[in-house]
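Take a look at the structure below.
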Amino acid sequence: MSNVKIEKPLTSGSAGKGALFSGLSGKMPKDTGIFIVMIGIALIFEILGWYIRDQSFLMNPNRLLLIVLQVAIIGIIAVGVTQVIITTGIDLSSGSLIALTAVVAASLAQTSDSISPMYPGLLDLPAAIPIGAGIGVGIVCGFVNGFLITRTGIPPFIATLGMMVSARGLAQYYTKGNPVSFLSDGFTSIGQGAMPVIIFLVIAVIFHIALKHTRYGKYIYAIGGNMTSARVSGINVNKYLVTVYTIAGGLAGLAGVVLAARVSSGQSSMGMSYELDAIAAAVIGGSSLMGGVGRITGTLIGAVILGLIKSGFTFIGVDSYIQDIIKGIIIVAAVAIDMRRNRKKH
């Protein structure tokens, strides 16, 4: 049975028009629809900027830098979350993992100038140690998620919800609620300037290639398309599910390390609601919560759309709670369109 060939069901191209632009012609290039939506949103805020504030939204370098930095952190998480969603799973733990991995990495990146170091005997360590520790903690937590889901039968929603609560609690216990500061220059350098964006783009390219051109990608699309058929065809479903959640945890760990380096501090409050933004970026970018559909390119555009919306509404003076309401409406609309599209296919 293990030699049976698996054809990729509902291939990544199925979401090519994006969840918000599914009515466009199927002949259009992949992600054209969602890309047009992104451009349209940017132009709307540009017009509103001139109308309300007599200022340009798009021509402010500092604002654009802030957008891409926000997109980079959310985008790193969203790359992992996209792969989880393709398998019909969900990961609610990534925001809390950012906090946990950030404080662990920061505690090992402190310098001899620290007023109250967490580990007085482990100061001025090479940057590779705190970076590796942070990512390693994320990997372990992601593996636990995958193990619970595959070995105990706990639904992904419950398993990752439990990890979300536990990881946040561990971060608070680890730091006693205090920020971890006085971090080495070598460590903070990975969060400065364009480095977060470069890291995000490298990660996005790696997993774009993995999903499109490797057995790993082929199998997780098959699992998301029909898990029973995947098992019958000889795919080790549990192995690949554990791998997907482990990767998602590792990427959350990387995001936590980059965020701690960017703000030169590790705090247990970091990453609040980041998991929802990551899920939103994937869904807006065309990933289907029904499984079997999703692409990294669409997720990247979805993350940019979220960054534009947040920055644009702040620019024109919309209150943050109104922004959350609008974001929620956009997410629900994207999911509703995805469900309608899937009903038509079946």
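All figures in this text were calculated on a predicted structure; none of them were measured in a lab.
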Path from [X] to [Y] over hydrophobic side-chain contacts below 4.5 Å:
X: I235; Y: Y216; result: yes
X: I73; Y: L100; result: no
X: F57; Y: L66; result: no
X: I47; Y: I52; result: no
X: L306; Y: I41; result: yes

Do the side chains of [Y] and [X] get nearer than 4.5 Å, heavy atoms only?
X: D185; Y: T111; answer: no
X: I301; Y: I284; answer: no
X: Y240; Y: T87; answer: no
X: S56; Y: E46; answer: yes
X: R231; Y: N238; answer: yes
X: L183; Y: Q110; answer: yes
X: V84; Y: N145; answer: no
X: Y245; Y: L148; answer: no

Practice task
Establish, from distance only, whether the side-chain atoms of S93 and E275 form a donor-acceptor pair under 3.5 Å.
Solution key: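 Looking only at side-chain atoms, E275 and S93 do not form any donor-acceptor pair under 3.5 Å.
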
Handout entry: Residue pair M195, T188: steps toward the side chain to side chain contact (heavy atoms under 4.5 Å, CB included) verdict
Key = CA-CA 10 Å; M195 277 304 296; T188 58; over 6 Å; no

Distance (rounded to the nearest 0.5 Å) between [X] [atom1] and [Y] [atom2]:
X: M272; Y: I98; atom1: CE; atom2: CD1; result: 11.5 Å
X: S265; Y: F182; atom1: OG; atom2: CZ; result: 10.0 Å
X: T82; Y: I279; atom1: OG1; atom2: CD1; result: 10.0 Å
X: S264; Y: L259; atom1: OG; atom2: CG; result: 10.5 Å
X: I190; Y: I199; atom1: CD1; atom2: CD1; result: 5.5 Å
X: I131; Y: L108; atom1: CD1; atom2: CG; result: 11.5 Å

Does [X] have more than 12 heavy atoms from other residues, nucleotides or ligands lying within 6.0 Å of its [atom1]?
X: F147; atom1: CZ; value: no
X: R215; atom1: CZ; value: no
X: I322; atom1: CD1; value: yes

Practice task
Could you walk me through whether D277 and K310 pass side chain to side chain contact (heavy atoms under 4.5 Å, CB included), step by step?
Solution key: CA-CA 11 Å; D277 285 343; K310 182 176 182 179; 5.8 Å; no

Exercise for the section: Tell me, with the steps shown, if T243 and I247 meet side chain to side chain contact (heavy atoms under 4.5 Å, CB included). Expected result: CA-CA 6 Å; T243 300; I247 288 172; 3.9 Å; yes

Report yes or no: does [X] contribute a side-chain atom to a donor-acceptor pair with the main-chain N or O of [Y] at less than 3.5 Å?
X: S287; Y: G294; value: no
X: R168; Y: S268; value: yes
X: S114; Y: S116; value: no
X: Q70; Y: A303; value: no
X: T101; Y: G134; value: no

Looking at every non-hydrogen atom in both residues, tell me the closest pair between [X] and [Y] and how far apart they are.
X: Y174; Y: V104; result: CE2-CA, 4.0 Å
X: I76; Y: F200; result: N-CD1, 3.7 Å
X: A159; Y: I149; result: CB-CG1, 3.7 Å
X: I85; Y: A282; result: CD1-CB, 3.8 Å
X: Q267; Y: P179; result: CG-CB, 3.8 Å
X: R63; Y: S311; result: CG-OG, 3.4 Å

Handout entry: ring pair (Phe, Tyr, Trp, His ring centres under 6.0 Å) against F187, all qualifying residues, sequence neighbours excluded
Key =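 Checked F187 against ring pair (Phe, Tyr, Trp, His ring centres under 6.0 Å); zero matches.
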
Practice task
Only counting residues at least two apart or in another chain, list the ones meeting ring pair (Phe, Tyr, Trp, His ring centres under 6.0 Å) with F313.
Solution key: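 Testing F313 for ring pair (Phe, Tyr, Trp, His ring centres under 6.0 Å), a comparison that skips the adjacent residues, returns F45.
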
Exercise for the section: Quick one: do Q83 and V79 satisfy side chain to side chain contact (heavy atoms under 4.5 Å, CB included)? Show the steps, please. Expected result: CA-CA 7 Å; Q83 296 170 72; V79 169; 3.8 Å; yes

Exercise for the section: Kindly give the cluster partners of I209, where membership spreads through any ILVMFWY side chain lying under 4.5 Å from a current member. Expected result: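 Cluster partners of I209: V205.
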
